2 protein chains.
Amino acid sequence: MGYKYNKEDILNVGFDVFRRNGYHNVGINQILKEAGIPKGSFYNFFETKEDFAQQVIKQYGESNGCWMKDYFDDCSLSPIECLKSFYAMMIDLNEKDDYSGCCLVNNMSVEVGRQNNAIASEANTHFVGWLNILASVVAKGQDLKEITNEFTPLQLAEYLHAGFYGVLSRTKVTRNRVYMDIWFDMTFKFIKA
Amino acid sequence: MGYKYNKEDILNVGFDVFRRNGYHNVGINQILKEAGIPKGSFYNFFETKEDFAQQVIKQYGESNGCWMKDYFDDCSLSPIECLKSFYAMMIDLNEKDDYSGCCLVNNMSVEVGRQNNAIASEANTHFVGWLNILASVVAKGQDLKEITNEFTPLQLAEYLHAGFYGVLSRTKVTRNRVYMDIWFDMTFKFIKA
DNA sequence: TAAATTAAACAGAACAGTCTAATTATTTAC
DNA sequence: GTAAATAATTAGACTGTTCTGTTTAATTTA
């Protein structure tokens, strides 16, 4: 039997609240309220708000990395079709989420990446992890002559990654999937071998 | 003879401060300090912090739109070369700005686009304006068979726009121009007719 | 019993925004 | 053209709230 609250539950609340509302727009009290915990318990687990945010990013970054890895490992389609189904799913998820245009790590890095080195570095760590997973799929697609060989797997992964976050961010103000769909069509047409 | 302070100067300070530090991370007092004005003067010109931010976006959005229009109107190169020189310049500017990865409108829309409809709508207005300028150059490039005809000018403009902001945001944590250069090479290779 | 956790009152700083007074510019009256 | 009246702007002290983080005590688990 553990104690009443645990870190992971609070981190999950933090993920949800930060993702939807940003970092500076959210006060500790909002986290406490949504998690249903008193302040003392929060500061028992976390040193500061910044430390908390960093752990939130870390937990999400790692779990998302595992999830991506599993997705591509389990995907029975050809490499480029795996990439397509992955991004098609991401687009669907964002639509279902009512175009909140939210990736916690991307939002955080845009909002505070320049002022907060700890958060920027944490964000970059996970971006790099995700990019390597994408790059390994791209490499397989290149071996099968599905994907252009004119660029390295990592370069193409960066291209997919940045492009997707670009259109994802765009939906924050358009609230419409049409731009994501266009991006999808164009990108996969362009990277084809 | 006017009065001591004027709106435009304060808006310019706001542009600078918001661009570097974000919206919720900046207090009115910081604006006052950097602009060298007392609080009463600020609230004489602006209703609220939100109203101020909206006017900051508007001023920058419009002036940047004019600047883009002039740039392309004055550009003596072929359409696709104008686009290339434009983005090459944007990349250089971001490098000179020490990879602060900053477009005020993009930052604002990512940070508060989901919670603040007024700011989201203002941001979208200017994005659309900029996109139309890009699209008109793309259209000329298509007429000259420099740019692929497989997509509409606006679709290609959206693609350039979102892609650029995607890699620009990426530099917030990488602080390195290499990813922007890769994006540049790939994108202009891809959209070529 | 000892250590960890829970609980909430508390502290000091920072927050957006208000208020009244003094100053400056502009308009009106003659 | 000048003086008086009006309007706009400047100035900063002040308000009430919210912010992160502290503290101390009670409770729970090992």
Side-chain angles (χ1 to χ4, degrees), chain A residues 1-59 107-108 111-112 115-119 122, chain B residues 1-59 104 107-108 111-112 115-120 122:
Chain A
M1 280 297 260
Y3 285 88
K4 198 167 173 185
Y5 311 118
N6 67 80
K7 254 174 116 155
E8 218 167 289
D9 290 344
I10 308 175
L11 287 173
N12 282 329
V13 170
F15 166 72
D16 217 56
V17 176
F18 282 142
R19 192 175 70 98
R20 284 213 235 292
N21 303 102
Y23 177 69
H24 286 110
N25 190 33
V26 168
I28 294 293
N29 285 319
Q30 190 176 345
I31 306 281
L32 304 181
K33 198 179 167 189
E34 303 226 17
I37 56 168
K39 196 167 270 194
S41 304
F42 179 90
Y43 279 101
N44 177 50
F45 289 121
F46 309 103
E47 304 238 322
T48 60
K49 181 188 175 184
E50 186 192 7
D51 169 51
F52 175 63
Q54 219 178 318
Q55 291 195 43
V56 167
I57 292 173
K58 187 176 181 178
Q59 178 181 267
N107 289 354
M108 284 280 202
E111 184 183 346
V112 302
Q115 304 115 36
N116 191 314
N117 288 331
I119 286 178
E122 190 70 45
Chain B
M1 279 296 264
Y3 287 90
K4 196 167 176 186
Y5 311 118
N6 67 80
K7 254 174 116 155
E8 217 168 291
D9 290 344
I10 309 176
L11 287 172
N12 282 329
V13 170
F15 167 71
D16 217 56
V17 176
F18 282 142
R19 193 174 71 98
R20 283 213 236 292
N21 302 103
Y23 178 69
H24 286 112
N25 190 33
V26 167
I28 293 294
N29 284 317
Q30 189 177 346
I31 306 280
L32 305 182
K33 198 178 165 190
E34 303 227 15
I37 57 166
K39 196 166 270 193
S41 303
F42 179 89
Y43 280 101
N44 177 51
F45 289 120
F46 308 102
E47 305 238 321
T48 60
K49 182 187 174 184
E50 186 192 7
D51 169 52
F52 176 62
Q54 218 178 319
Q55 292 194 45
V56 167
I57 293 173
K58 187 176 181 178
Q59 177 181 269
L104 174 87
N107 289 354
M108 283 279 200
E111 184 183 345
V112 303
Q115 303 113 40
N116 192 313
N117 288 331
I119 286 178
E122 191 69 44

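In this text, all values refer to a predicted model and were calculated from it rather than measured experimentally. Each chain gets a letter, A, B and so on, in the order the sequences are listed, and its residues count up from 1.
The distance from atom CZ of B:Phe42 to atom C1' of C:dC19 is 17 Å, rounded to the nearest whole Å. Residue A:Glu50 contributes atom CD, which lies 14 Å from atom C1' of D:dG21 at whole-angstrom precision. Here C:dG17 presents its C1' atom at 12 Å from CD of B:Glu47, a figure rounded to the nearest Å. Atom pair B:Phe46:CZ and C:dT18:P shows a separation of 15 Å (rounding to whole Å applied). C:dG17 atom C1' lies 13 Å from atom CG of B:Asp51, rounded to whole Å. Across the protein-nucleic acid pair, A:Ile28 atom CD1 and D:dT22 atom P stand 11 Å apart, rounded to whole Å. Remark: C1' of D:dG21 and CD1 of A:Ile31 are 15 Å apart, rounded to the nearest angstrom. Residue A:Leu32 contributes atom CG, which lies 12 Å from atom P of D:dG21 at whole-angstrom precision.
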Only distances under 3.5 Å count here; give the side-chain donor-acceptor pairs of residues 32-41 of chain A to other protein atoms, sequence neighbours excluded, each with its distance to 0.1 Å.
none

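In terms of the side-chain hydrogen bond (donor to acceptor under 3.5 Å, both in side chains) criterion, residue partners of B:Asp16 (sequence neighbours excluded) are, by chain and number, B:Arg20. For A:Asp9, there are no salt bridge (charged side-chain N to carboxylate O under 4.0 Å, His left out) partners two or more places apart in sequence or in a different chain. Under the rule for a ring-ring contact (aromatic ring centres under 6.0 Å, His included), the partners of B:Phe46 that lie at least two apart in sequence or sit in another chain are B:Phe42, B:Phe52. The ring-ring contact (aromatic ring centres under 6.0 Å, His included) check on A:Tyr5 picks up nothing, with sequence neighbours excluded. Judged as a side chain to side chain contact (heavy atoms under 4.5 Å, CB included), and not counting sequence neighbours, the contacts of B:Glu122 are B:Gln54, B:Ile57, B:Lys58, B:His126. Remark: A:Lys7 engages A:Gln55 in a side-chain hydrogen bond (donor to acceptor under 3.5 Å, both in side chains) (not counting sequence neighbours). Scanning for side chain to side chain contact (heavy atoms under 4.5 Å, CB included) contacts around A:Asn21 gives A:Val17, A:Asn25, A:Val26, A:Gln30, B:Gln115, with sequence neighbours left out.
For residues 43-52 of chain A, no pair satisfies salt bridge (charged side-chain N to carboxylate O under 4.0 Å, His left out), with sequence neighbours left out.
The shortest side-chain heavy-atom distance between A:Tyr43 and A:Ile28 falls under the 4.5 Å cut-off.
Heavy-atom minimum distance, A:Tyr23 versus A:Glu111: N-OE1, 2.9 Å.
Here D:dT20 is the nucleotide among D:dT20, C:dT18, C:dC15 with the atom lying nearest to any side-chain atom of A:Asn29.
For the helix from C:dT1-D:dA30 to C:dC30-D:dG1, the axis fitted to the five pairs at one end and the axis fitted to the five pairs at the other end meet at an angle of 20° (nearest 10 degrees).
Of all the residues in residues 10-27 of chain B, B:Val26, B:Gly27 reach under 4.0 Å from DNA chain C with at least one non-hydrogen atom.
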Please list, pair by pair, any protein nitrogen or oxygen found under 3.5 Å from a nitrogen or oxygen in nucleotides 3-8 of chain C.
unit_1: C:dT6; atom_1: OP1; unit_2: A:Lys4; atom_2: N; d: 2.9
unit_1: C:dT6; atom_1: OP1; unit_2: A:Tyr5; atom_2: N; d: 2.6
unit_1: C:dA7; atom_1: OP1; unit_2: A:Lys4; atom_2: NZ; d: 2.9
unit_1: C:dA7; atom_1: OP2; unit_2: A:Tyr5; atom_2: OH; d: 2.3
unit_1: C:dA8; atom_1: N6; unit_2: A:Gly40; atom_2: N; d: 3.4

